[in-house]
Amino acid sequence: MRIDHPLLGNKSRKTVSFSFNNLVYKGVEGDTIGVALWANGVKTLRHSEKNNEPRGMYCGIGQCYECRIYRSDIGLVKACTTLIKEGEKYYSIEE
């Protein structure tokens, strides 16, 4: 389900395909990885190192590191601030 901003709307409707942990998802161009995964029902992005607890987006503005995942071409990124790219592959840290 997409929620559009009441004043700004959504500038793009172009669908982008990407994968997370080898599963293919669709998102909207201009979405961050975190938002696109959330819209697809994926809330857990990794598990904590100490207690193996699920972690997802926490601050949503790039200030913490709870949403860190790997992007296949550059390595560690924050899912809440990194835009999805067509055909890109993303992975949990533990993958």
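Computed over heavy atoms, backbone and side chain alike; hydrogens, waters and symmetry mates excluded.
By the 4.5 Å heavy-atom criterion applied to side chains, N22 and Y90 are not counted as neighbours. No side-chain heavy atom of V77 sits under 4.5 Å from any side-chain heavy atom of Y70. Taking 4.5 Å as the limit, some side-chain heavy atom of F20 sits within range of a side-chain heavy atom of S92. Here the side chains of T32 and T81 are not in contact, with every heavy-atom distance at 4.5 Å or above. R71 is listed as a side-chain neighbour of K85, based on a closest heavy-atom distance under 4.5 Å.
For S48 (side chain) and N52 (main-chain N/O), a donor-acceptor pair under 3.5 Å exists by modelled atom type.
Here I84 contributes atom CD1 and S17 contributes atom OG; the two are 9.0 Å apart, rounded to the nearest 0.5 Å. Atom OG of S72 and atom OH of Y91 lie 6.0 Å apart (nearest 0.5 Å). Annotation: the span from D73 atom CG to K89 atom NZ amounts to 11.0 Å, rounded to 0.5 Å. The structure places CD of E88 at 10.5 Å from OG1 of T82, a figure rounded to the nearest 0.5 Å. Atom OG1 in T44 sits 10.5 Å away from atom CG in L37 (nearest 0.5 Å). Rounding to the nearest 0.5 Å gives a distance of 8.5 Å between CZ of F18 and CG of D31.
L83 and I69 fall into different hydrophobic clusters, where Ile, Leu, Val, Met, Phe, Trp and Tyr residues are linked whenever their side-chain heavy atoms come under 4.5 Å apart, directly or through other members. Note: the hydrophobic cluster containing L23 also contains I33 (ILVMFWY, side chain heavy atoms under 4.5 Å, direct or indirect links).
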Take E66 and K43 through the test salt bridge (Lys or Arg N to Asp or Glu O under 4.0 Å) and record every step on the way to the result.
CA-CA 12 Å; E66 290 301 307; K43 308 259 185 332; over 6 Å; no
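The two residues C80 and C67 have their closest heavy-atom pair at N-SG, 3.4 Å. Heavy-atom minimum distance, A36 versus G27: CB-CA, 4.3 Å.
For E53, the salt bridge (Lys or Arg N to Asp or Glu O under 4.0 Å) partners are R55, not counting sequence neighbours.
Side-chain contact check for T15 and K26: no donor-acceptor pair (N or O, by modelled atom type) lies under 3.5 Å.
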